[in-house]
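In what follows, every heavy atom counts, from backbone to side chain, and hydrogens, waters and symmetry copies are set aside. Since the structure is predicted, the reported quantities are computational estimates derived from the model, not experimental observations. Every chain is numbered from 1, with letters handed out A, B, ... down the list of sequences.
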Amino acid sequence: MAKLQPVRGTKDIWGEDALRFNHVVDVFRSVAERYSFEPISTPIFEFTEVFSRTLGEASDVVSKEMYCFEDRGGEGLTLRPEYTAGIARSYMSEGMQQFGMKKFYAYGPMFRYERPQKGRYRQFHQLDAEILGAPEPAADIEIIALAHQVLKELGMVENTVLHLNSLGDQESRQAYRDALVEYFTGHKDKLSEDSLARLEKNPLRILDSKDEGDRALLPDAPKLSYYLNETSQAFFDAVKQGLDAMDITYIHDENLVRGLDYYCHTAFEFITTDLGSQGTVIGGGRYDGLMEQMGGPQTAGIGWAGGIERLAMLLKEAPKPPRPVVFVPMGDAATNKAMQLLNMLRSNGVVADMGFRGNMKKRMKRAADANARFVAILGDNELLKGVVSLKDMDSGDQQEVSFADLLARVQA
RNA sequence: GCGGGUGUAGCUCAGUUGGUUAGAGCGCCAGAUUGUGAUUCUGGAUGUCGCCGGUUCAAAUCCGGUCACUCGCCCCA
């Protein structure tokens, strides 16, 4: 262990970061529940095959970013690098086919061995939403609408742009892939080193290369939309019409492709320019072939994941913690009475607190630092009269309030 | 995995061509003010100058390595 440092790419979340983090999760839960998504939580580790079979052996995530380990029983396990595969596995393990469609929301930590950067960590956290067992474009529309609403309630739709594309079904995608490989193979000499590797592994990715030489080849490259067969085109049209009807704006980004093998048809990302090269804040798409690849029956699915740390950073300001009523007791008898009153207020839903040490001046200062709404001063004088001296910290006014009236007074 | 930048007190940072006890502001603690959060004043604490090694009479300063963060690439949320 090197010093008292957190492991590379991990971080402690506390103070303002924690308030931001919780706010993102709270908003997400609230919106997801209104959309009638139900909660799910799956294990943080799975058998390695759950990820390796579905994400694609050649994908970067599987080939070099997973935290794999063998447990004491010799099982090959992996810390989840994403949520979808685990939820899909759960759908089949639990026999949820009997319910037909399921709408789930979840959140939690993910693990990827990558080079850390701002907005990119080795342990990071995602919001996740999935609709399983629904092949209809209405599911695509709903899942995107959910993401849009979350961003809206977080106050950041203005800072993000929805990029939308269709990868088509298996047939369309294969036809396009072949055309693309043929085109780029004819221009091998002009391709960047990275893109030469992509040509073998994942030719679609050449489309979003940032290399200038690569980009120069794009205008004449075959267009994905041209290769969509009739069903794929009709599906995509239905999705676009649904979004239009909901006034959700998007740009059709023909170069948007996704790195994981299981995607088909709809692919989308909400992108911001405020986070440098980690601009994707929510990304997702349809994965009708995933559960089959895992060894289950053919089952449609669509979902997205959002990076909680990234969303938290985009939050314009940190949410404020609630303002407490703070007790300042003088002496042991007063302290005991104060604890009783504290308990009474807290039981009635009032945020209340009491410092443990210091003279009155110190306690007043701490109360002010804690952004107290009221300070309840309780000394021998007050104790005899059955009152607290309640100080309004905004106006500075102070008056005696009987123990019986305290609750009503601070709730007003 | 590749290329660039940075690392000095809790925080933001200064630190001259290497030179002797390493500084400021903010914050923190104590007191002026033994029942009151501002301001002011007075006093105080805190650094293995990221870490290890090298050069030198002498290193926060120069060199090498290493760790962490950061920007771009890759990839992705």
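- For B:C74, the OP1/OP2 oxygens have no side-chain nitrogen or oxygen of A:R120 closer than 4.0 Å.
- Atom C1' of nucleotide B:A77 and atom NZ of A:K11 are separated by 14 Å, given to the nearest angstrom.
- Using a 30° and 60° split on the angle between ring planes, A:H187 and A:Y183 fall in the tilted class, from 30° to 60°.
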Name every donor-acceptor pair, under 3.5 Å, that has one atom in a side chain of residues 327-343 of chain A and the other anywhere in the protein, sequence neighbours excluded.
unit_1 : atom_1 : unit_2 : atom_2 : d
A:T335 : OG1    : A:G331 : O      : 2.7
A:K337 : NZ     : A:Q340 : OE1    : 2.7

Legend entry - Base-contact (B) and sugar-phosphate-only (S) positions in nucleotides 32-45 of chain B, heavy-atom cut-off under 4.0 Å, - elsewhere: -B-BBB--------

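- In this structure, the CD atom of A:Q123 is 17 Å from the C1' atom of B:C76, given to the nearest Å.
- Under 3.5 Å, the side chains of A:Y105 and A:E130 contain no donor-acceptor pair of N or O atoms.
- Considering only residues two or more places apart in sequence or on other chains, A:Q399 meets the side chain to side chain donor-acceptor pair (under 3.5 Å) condition with none of them.
- Rounded to a whole angstrom, the distance from the P atom of B:C62 to that of B:C49 is 16 Å.
- Heavy atoms of A:A305 sit under 4.0 angstrom from primed sugar atoms or phosphate atoms, though from no base atom.
- To the nearest whole angstrom, the two C1' atoms, one in B:G47 and one in B:C28, are 15 Å apart.
- Both A:T280 and A:P6 lie close to RNA chain B; mapped to their nearest nucleotides by heavy-atom distance, the more 5′-ward contact belongs to A:P6.
- Judged by Watson-Crick or G-U wobble contacts below 3.5 Å, the nucleotide B:U17 has no partner.
- Taking a pair to require two hydrogen-bonding distances under 3.5 Å in either a Watson-Crick or a G-U wobble arrangement, B:A45 remains unpaired.
- With distances taken from any side-chain atom of A:R8 to the nucleotides B:C69, B:G3, B:A77, the minimum falls on B:C69.
- Nucleotide B:A38 is matched to nothing when pairs are restricted to Watson-Crick or G-U wobble geometry with both distances under 3.5 angstrom.
- Across all strands, A:G9 comes closer than 4.0 Å only to sugar-phosphate atoms, never to a base (heavy-atom distances).
- Not counting sequence neighbours, the partners of A:A300 by the side-chain contact (heavy atoms from CB on, under 4.5 Å) test are A:P135, A:R286, A:D288.
- Taking the charged nitrogens against the carboxylate oxygens, A:E46 and A:R89 do have a contact shorter than 4.0 Å, which makes a salt bridge.
- For B:C69, neither phosphate oxygen OP1 nor OP2 lies less than 4.0 angstrom from any side-chain nitrogen or oxygen of A:K118.
- Looking at residues two or more places apart in sequence or on another chain, you find a side-chain contact (heavy atoms from CB on, under 4.5 Å) between A:A85 and A:V50, A:F51, A:T54, A:E82, A:M294.
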Which donor-acceptor pairs under 3.5 Å do the side chains of residues 238-250 of chain A make with protein atoms, sequence neighbours left out?
unit_1 : atom_1 : unit_2 : atom_2 : d
A:D244 : OD1    : A:Y250 : OH     : 3.3

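- Without hydrogens or angle criteria, A:K103 side chain to A:Y35 main chain gives a donor-acceptor distance under 3.5 Å.
- Scanning residues 26-35 of chain A for heavy-atom distances under 4.0 Å to RNA chain B yields an empty list.
- With B:A77, B:A68, B:A30 as the candidates, the nucleotide lying closest to the side chain of A:K362 is B:A30.
- B:G5 and B:G64 have their P atoms separated by 12 Å, with the value rounded to a whole Å.
- On the P atoms, B:C63 is 11 Å away from B:U6, given to the nearest whole Å.
- Screening residues 165-174 of chain A for salt bridge (Lys or Arg N to Asp or Glu O under 4.0 Å), with sequence neighbours left out, gives no hits.
- For B:G7, the paired nucleotide is B:C67, the pair qualifying as Watson-Crick or G-U wobble because both relevant distances are below 3.5 Å.
- Atom name C1', nucleotides B:G53 and B:G1: the rounded distance is 27 Å, in whole Å.
- Among residues at least two apart or in separate chains, salt bridge (Lys or Arg N to Asp or Glu O under 4.0 Å) pairs with a member in residues 306-329 of chain A are A:R323-A:D394.
- Checking the phosphate oxygens (OP1, OP2) of B:G72, a side-chain nitrogen or oxygen of A:Q117 falls inside 4.0 Å.
- A:K210 meets the salt bridge (charged side-chain N to carboxylate O under 4.0 Å, His left out) test with no other residue; sequence neighbours excluded.
- Computed from coordinates, the A:R122 CZ to B:C76 P distance equals 17 Å when rounded to whole Å.
- Because its NZ or CZ atom is not both nearer than 6.0 Å to the ring centre of A:Y226 and within 45° of the ring axis, A:K223 does not count as a cation-pi partner of that residue.
- Separating the CD1 atom of A:I271 from the P atom of B:A77 is a distance of 11 Å, rounded to the nearest angstrom.
- B:A77 atom C1' lies 12 Å from atom CG of A:L314, rounded to whole Å.
- Atom P of B:C2 sits at a distance of 31 Å from the matching atom of B:A14, rounded to the whole Å.
- In this structure, the OH atom of A:Y113 is 17 Å from the C1' atom of B:C76, given to the nearest Å.
- Only the P atoms considered, B:A45 is 23 Å distant from B:U39, to the nearest whole Å.
- As judged by a 4.0 angstrom heavy-atom cut-off over every strand, A:Y121 is placed among the base-contacting residues.
- Taking atom C1' on both nucleotides, B:G3 is separated from B:A77 by 24 Å, rounded to a whole Å.
- For the pair A:Q126 CD and B:C76 C1', the computed distance is 9 Å after rounding to whole Å.
- A:H23 pairs by the side-chain contact (heavy atoms from CB on, under 4.5 Å) definition with A:V27, A:L154, A:L315, A:P319, not counting sequence neighbours.
- Straight-line distance from the CD atom of A:E114 to the P atom of B:U70: 13 Å, rounded to whole Å.
- Remark: A:D194, A:R198 in residues 185-198 of chain A come within less than 4.0 Å of RNA chain B through at least one heavy atom.
- Pair assignment for B:C2: B:G72, on the basis of Watson-Crick or G-U wobble contacts that are both within less than 3.5 Å.
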